[in-house]
Novice: 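The structure that follows is given in the form of structure tokens.
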Number of protein chains: 2
Amino acid sequence: MTGMTREYGQYCGLARALDLVGGRWSLLIVRELLDGPLRYTELEQGLPGVPTNILAARLRDLEDGGVIERSLQPRPSSAVVYQLTPYGKALEKTLLSLGLWGAQSLGEPPEGFASDLHSLTFPLRAMFQERTEGEHRFQIRRGEESLNVVVSHGTVCFPNDPSFEPDAILEMPAGLVLAIAKGYETFDSAVESGNLRIEGSPEKARRFFEIFKMPDLVEAAR
Amino acid sequence: MTGMTREYGQYCGLARALDLVGGRWSLLIVRELLDGPLRYTELEQGLPGVPTNILAARLRDLEDGGVIERSLQPRPSSAVVYQLTPYGKALEKTLLSLGLWGAQSLGEPPEGFASDLHSLTFPLRAMFQERTEGEHRFQIRRGEESLNVVVSHGTVCFPNDPSFEPDAILEMPAGLVLAIAKGYETFDSAVESGNLRIEGSPEKARRFFEIFKMPDLVEAAR
DNA sequence: CCGGATCCTCGGTGATACTG
DNA sequence: CAGTATCACCGAGGATCCGG
């Protein structure tokens with residue numbers, strides 16, 4: 001026992017799931033690992049405010065539960081990394097769905113909201129409309145940072161490729177991406193205000209926000 | 001503040017969701033309410049081991065979060081009941097998905113496992129294959145208890161109707177339903193051992209376990 | 001009986017310091 | 001870098017009590 005919260009003990013899939021990933025910080029750790037293996041300190045950075053002892057305890061709990069696994073990076077770095085097991089990876093759809101639900105009651109991005117573009121991968125995956133046809137290659141930029149987004153065959157990915165050649169480049173802060181996707185701002189007003197600058201195909205850029213758009217779960221459930 | 005666990009504070013849909021329903025017992029309370037409004041004491045019975053103060057605190061938290069609402073039953077009972085708001089109802093799909101994930105690492109039902117048939121509604125909803133065509137009417141029985149199951153137009157429901165007329169009646173304990181659906185036991189062996197008794201159409205009865213069958217999420221994710 | 005409120009204890013959580 | 005050690009605290013768990 002490493003300090004995990006007490007178990008529910010019911011013979012129920014939901015109770016079992018909560019035994020495994022219902023602990024505080026657990027699901028946020030899984031979220032961080034959705035894009036690939038991370039090191040301990042990288043996890044700490046992505047989880048602002050997590051106490052280091054709690055992080056260590058949760059990583060052990062998740063490992064014991066078969067959700068993540070510790071492994072050594074291939075040589076020569078040979079650092080410790082944490083990654084999802086296939087079972088942990090199977091949580092992705094559920095997590096995106098839960099994130100979408102929570103986002104419904106999340107207001108506009110706060111004033112000083114500034115996060116790195118990489119943190120957009122989770123909400124973009126969640127909002128992605130799988131019905132999308134054809135292939136689309138975008139690059140989001142903000143200063144030195146950039147995030148490549150490829151939509152193809154009904155899937156999204158975020159290739160980390162220096163020689164990536166997008167159809168359209170969108171220069172904008174992370175918060176603006178979310179504000180437009182959530183409908184708090186429009187594509188046109190963002191361009192007009194100068195907070196969104198386009199390079200390449202403007203139609204493609206506009207298409208981005210048709211592909212990534214927050215659905216209304218509450219209405220859809222009726 | 002009523003004692004809710006500390007909030008994460010990130011501008012992230014998942015973190016927001018966990019702020020709302022990430023507290024201990026919260027999601028199990030929502031699960032209980034999926035089938036309709038319940039009273040305080042009914043909730044207590046469905047949540048074995050929940051401390052009454054925690055239940056009260058969580059109900060208030062969930063109400064403050066807009067997930068559930070207190071209301072008075074129509075006359076003449078005029079009792080306090082708790083029910084999901086539309087926003088809370090929108091959690092259903094996600095919850096079923098999380099339950100399915102957890103159920104993957106849940107073993108065989110324990111020896112002495114005996115629960116009322118009504119607790120099957122959650123796992124049955126979760127395992128339901130939406131591609132099902134036509135209409136099917138089942139009744140599960142166990143002693144005095146019974147559960148009506150109607151599959152129609154790609155949806156399931158559990159009508160509480162005394163004059164219900166099923167196509168097939170399956171007399172069996174709740175644990176056996178889950179054991180067969182999870183593949184720990186087969187329909188035939190259950191019939192042969194006498195733990196499953198059929199009335200009405202045997203083919204219909206067999207069909208039940210094609211409609212309600214646990215998928216393998218881990219394999220499906222590849 | 002229903003719907004909690006109160007009290008007390010224990011352990012998980014969070015913050016900081018420290019170490020191989 | 002990747003954790004462990006320590007400690008204060010407060011939420012969780014359990015029992016009991018109370019007003020309608």
Novice: Is any NZ, NE, NH1 or NH2 atom of the basic residue among A:Asp19 and A:Arg16 found under 4.0 Å from an Asp or Glu carboxylate oxygen of the other?
Specialist: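 Not counted as a salt bridge, because no side-chain N and carboxylate O are separated by less than 4.0 Å.
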Novice: Counting side-chain heavy atoms from CB outward, which of D:dA15, C:dG3, C:dG14 is closest to B:Val80?
Specialist: C:dG3
Novice: For B:Thr41, which contact category applies under a 4.0 Å heavy-atom criterion: base, sugar-phosphate, or nothing?
Specialist: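 Sugar-phosphate only.
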Novice: Relative to each other, are the rings of A:Tyr40 and A:Tyr82 parallel, tilted or perpendicular (30° and 60° limits)?
Specialist: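 Ring orientation, 0 to 90° scale: tilted.
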Novice: Within this structure, what is the CD1-to-P distance between B:Ile29 and C:dG4, rounded to whole angstrom?
Specialist: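 From B:Ile29 CD1 to C:dG4 P: 12 Å.
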Novice: Of the options D:dG3, D:dG13, C:dT13, whose atoms approach the side-chain atoms of A:Ala56 most closely?
Specialist: D:dG3
Novice: Is there a donor and acceptor pair, one atom on the side chain of A:Asn53 and one on the base of D:dG3, closer than 3.5 Å?
Specialist: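 When only heavy-atom distances are counted, A:Asn53 does not reach the base of D:dG3 through any donor-acceptor pair under 3.5 Å.
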Novice: Does B:Arg70 place a side-chain N or O at less than 4.0 Å from the phosphate oxygens OP1/OP2 of C:dG3?
Specialist: no
Novice: What's the closest nucleotide to the side chain of A:Pro51 if the choices are C:dG3, D:dA15, C:dG14?
Specialist: C:dG14
Novice: Just how far, in rounded Å, is P of D:dA2 from CG of A:Leu55?
Specialist: 11 Å
Novice: Within this structure, what is the CD1-to-C1' distance between A:Ile54 and D:dT4, rounded to whole angstrom?
Specialist: 13 Å
Novice: Round to a whole Å and report the spacing from CZ of A:Arg39 to P of D:dG3.
Specialist: 10 Å
Novice: Between A:Lys213 and A:Gln129, is there a donor-acceptor pair closer than 3.5 Å when you use the side chain of the first and the backbone of the second?
Specialist: no
Novice: In whole Å, I'd like the distance from the CG atom of A:Leu59 to the P atom of D:dG3.
Specialist: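 Nearest whole value for this atom pair: 7 Å.
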Novice: Rounding to a whole Å, what distance do you find between B:Leu47:CG and D:dG14:P?
Specialist: 13 Å
Novice: Judged by each residue's nearest nucleotide on DNA chain D, which is more toward the 5′ side, A:Tyr8 or A:Glu44?
Specialist: A:Glu44
Novice: Picking from D:dG13, C:dG14, C:dG4, which would you name as closest to the side chain of B:Trp25?
Specialist: D:dG13
Novice: Parallel under 30°, tilted from 30 to 60°, perpendicular over 60°: which one fits the rings of B:Phe208 and B:Phe212?
Specialist: tilted
